[in-house]
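Here, residue 1 is the first one in the sequence, and each next residue gets the next number.
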Amino acid sequence: MCGIAGYIGSSDAVSMIISLLLELQHRGQEASGLAIALNRGSISVIHSKGLISDVFNGKLNDEPSRDNNVFGGIGHVRYSTSGGYMNSEVQPIVLGDNNFKIAIAFNGTIANYDSLAKEFDIKRVSCDTIVLAELIYRLAREAGNDVVEALKILPNYVVGGYSIAILTSEPRVAIARDPYGFRPLAISYIGEEFLFSSETAALETLGFSSWKEVLPGEIISFNGSSLESTKTSVSVPISPCVFEYVYFSRPDSVFNGVSVYIARVKMGEELASKAPANCDIVIPVPDSGRAAAIGFSRASGKPIDEGIYANKYVGRGFIAPPMIRDTISKLKYGFVKSIISGRKIALVDDSIVRGTTLKSIIKRLKHAGAKEVHVRVASPPFKYPCFMGVDVTSREELLAWRMASIDDIARSLEADSIGYNTVEGLRKAVGIPSICSACFTGLYPFQGIDIEDLENMFIRW
Ligand code: SF4
């Protein structure tokens, strides 16, 4: 999971892209960058490890100033799912020569990047993005420097998920979602202004309320005056990532026409019917458990209150680099003793992946005087890895995989009970007939490729 964004239009492209990326910071906290194309054909890039506020510190308070030589640009916030945090290739990645240059910003994971590197004799294999960038560049060169033609045939080569933006030195920008539609991507096109963003919320926040989601398999290109839409010829059943609704996306975003917030509330309602709790009060794990807790409270008739304070300045624990996750889970939460003390609590969280954060929260709730803590989870047990854009690529790191039963999970977390939503309840809450839920079911949407194949092809750092 990363965030991508871009802008071509009459306003200051750098300011617009930085603003869009700020709205996408929840999708990636490790590195930030942008690439700008000039009308005369060159591409320049600024990128570094750190948040938007670190990397573009000097730019955040600048007055926007339009430079007529600028065509527009693309940007990226990174959450590494391949290549590791320390070795991560910060994006956008720029490739090419004086004749033809491209910059790539990518959200997803390419599971077979190592075999692609061997097949195409690509020497730099530090992560999937660099292999993907090389592959697209070569396909585009073979097609007469045409990135749209490269994107049309890309699904024939890659196994994984991608939403991608490519800026070329022509200049032109091309964006695409893979034919499964795993990751979100939306555009706004009004007059001569073209913007895109991983999430609709970023467009809305900047005042662009007239947007459209890029369809699975759709490729959109814009050269500054005309916008063209085409599709890859590869046809597969669509499988948008259900975890975007559970955790990743902002609640004020829409994904596949479904409000993320409403889907989360419905998950909570489903959860209350499938796993009721003998409790006095419902308390959400902030922030991503909040909407599900509201649904759980509504459906169960139990009052809801905020007993846990989340320090937003610490960042999102799940997408933080592994070496600082424990520190984040310790520093992030504060507890309101007057709400917690003496109560039987239904603690509602969106999901349990590794369990590190939740165990520490339960311990501290009890320390704050909670009589009982009954964990209720808005999604099913997360048992299988993801190779389509989430940094969970081995079963061993997953709590639900390691434990033999639900009771064992409760014991390991030191909770008084635990109850999960079901896959059916999750699908009902989202309301889309065809959706990826492989991390809960182990059933991946790639034809003829199962979990062992994916584990064997994906090279971990
Ligand atoms: S396996 Fe899970 S996290 Fe990965 S794309 Fe599918 S639903 Fe999303």
Side-chain angles (χ1 to χ4, degrees), residues 1 107-109 111 155 158-163 176-187 198-201 211-220 229 231-275 288 291-292 295-296 299 350-351 377-390 392 420-451 454:
M1 189 185 81
N107 169 205
T109 300
V158 300
V159 177
Y162 60 85
S163 281
R177 270 175 89 190
D178 69 64
Y180 298 92
F182 288 113
R183 302 282 148 229
L185 191 57
I187 66 160
S198 287
E199 290 190 36
T200 62
W211 46 258
K212 136 186 161 59
E213 291 184 75
V214 178
L215 298 171
E218 188 177 9
I219 302 155
I220 294 175
S229 166
K231 284 206 87 171
T232 170
S233 53
V234 175
S235 174
V236 292
I238 74 155
S239 301
C241 169
V242 80
F243 213 61
E244 291 282 349
Y245 298 99
V246 171
Y247 172 81
F248 285 146
S249 286
R250 281 170 51 153
D252 52 339
S253 279
V254 170
F255 182 35
N256 304 293
V258 175
S259 154
V260 172
Y261 178 79
I262 300 292
R264 285 182 189 164
V265 171
K266 288 185 180 170
M267 284 174 209
E269 291 170 353
E270 288 291 322
L271 176 62
S273 73
K274 290 180 168 67
S288 47
F296 190 92
D350 58 279
S351 57
V377 190
S379 54
F382 195 122
K383 278 188 169 171
Y384 303 94
C386 175
F387 303 91
M388 292 81 85
V390 180
V392 177
Y420 282 93
N421 203 346
T422 60
V423 173
E424 176 216 336
L426 191 60
R427 285 172 182 266
K428 199 170 152 198
V430 174
I432 294 176
S434 171
I435 198 155
C436 179
S437 53
C439 44
F440 306 118
T441 60
L443 302 171
Y444 295 82
F446 308 113
Q447 207 175 11
I449 297 176
D450 64 16
I451 185 167
L454 288 162

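Nearest heavy-atom pair, Y384 versus A438, reported as atom, atom and distance to 0.1 Å: CB-O, 3.5 Å. Minimum heavy-atom separation, S249 to V260: CB-CG2, 3.9 Å. Looking at every heavy atom in both residues, F248 comes nearest to R264 through N-NH2, 4.0 Å.
Residues T109 and V390 fail the side-chain proximity criterion, which asks for heavy atoms closer than 4.5 Å. Looking at P380 and T441, their side chains never come closer than 4.5 Å, going by heavy atoms from C-beta outward. A heavy-atom distance below 4.5 Å is found between the side chains of F382 and F440. P216 has its side chain out of reach of P179: every pair of non-hydrogen atoms, C-beta onward, lies at least 4.5 Å apart. Considering only heavy atoms from C-beta on, C386 stays 4.5 Å or farther from F243 through its side chain.
Judged as a ring pair (Phe, Tyr, Trp, His ring centres under 6.0 Å), and not counting sequence neighbours, Y420 has no contacts. Under the ring pair (Phe, Tyr, Trp, His ring centres under 6.0 Å) criterion, Y444 pairs with no residue at all, not counting sequence neighbours. For the ring pair (Phe, Tyr, Trp, His ring centres under 6.0 Å) test, no residue two or more places apart in sequence or in another chain qualifies with F296. Taking E269 as the reference, nothing meets the side-chain hydrogen bond (donor to acceptor under 3.5 Å, both in side chains) condition, with sequence neighbours excluded. In this structure, T200 has no side-chain hydrogen bond (donor to acceptor under 3.5 Å, both in side chains) partners at least two apart in sequence or on a different chain. When the ring pair (Phe, Tyr, Trp, His ring centres under 6.0 Å) test is applied to Y162, no partner is found at least two apart in sequence or on another chain. Under the rule for a side-chain hydrogen bond (donor to acceptor under 3.5 Å, both in side chains), the partners of E218 that lie at least two apart in sequence or sit in another chain are K212, S229. The side chain to side chain contact (heavy atoms under 4.5 Å, CB included) test applied to P445 returns Y180, F182, S239, M388, C436, not counting sequence neighbours. Residues satisfying the side-chain hydrogen bond (donor to acceptor under 3.5 Å, both in side chains) test with K231, not counting sequence neighbours, are none.
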Practice prompt. Go through V254 and W211 one step at a time and tell me if the side chain to side chain contact (heavy atoms under 4.5 Å, CB included) criterion holds.
Written response: CA-CA 10 Å; V254 170; W211 46 258; 3.8 Å; yes

Practice prompt. Could you go through the side chain to side chain contact (heavy atoms under 4.5 Å, CB included) check for I220 and I187 one step at a time?
Written response: CA-CA 9 Å; I220 294 175; I187 66 160; 3.9 Å; yes

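No more than 12 heavy atoms of other residues, nucleotides or ligands sit less than 6.0 Å from atom NZ of K383.
Taken from OG in S351 to OH in Y247, the straight-line distance is 8.0 Å, to the nearest 0.5 Å. Considering OG1 of T232 and CD1 of I219, their distance stands at 5.5 Å, rounded to 0.5 Å. The distance from the CG atom of N421 to the CG atom of D350 is 11.5 Å, given to the nearest 0.5 Å. Once rounded to the nearest 0.5 Å, the distance linking CG of N107 with OG of S163 reads 5.5 Å. Between atom CG of residue L185 and atom CG of residue L215 there is a gap of 10.5 Å, rounded to the nearest 0.5 Å.
Looking only at distances, a side-chain donor or acceptor of S259 sits under 3.5 Å from a matching main-chain atom of Y261. With hydrogens and angles disregarded, a donor-acceptor distance shorter than 3.5 Å links the side chain of S253 to the backbone of A201. Although no hydrogens or angles enter the test, the distance criterion places a donor-acceptor pair under 3.5 Å between the side chain of E213 and the main chain of G257.
For residues 240-260, every residue pair satisfying the salt bridge (charged side-chain N to carboxylate O under 4.0 Å, His left out) rule, not counting sequence neighbours, is listed here: E23-R250, R27-E244, R183-E244, R250-D252.
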For residues 424-434, which side-chain donor-acceptor pairs fall under 3.5 Å, sequence neighbours excluded?
unit_1 : atom_1 : unit_2 : atom_2 : d
R427   : NH2    : S437   : OG     : 3.0
K428   : NZ     : E270   : OE2    : 3.3
S434   : OG     : I238   : O      : 2.2

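Defined by atom type and a distance below 3.5 Å, a donor-acceptor pair is present between the side-chain atoms of N256 and Y245.
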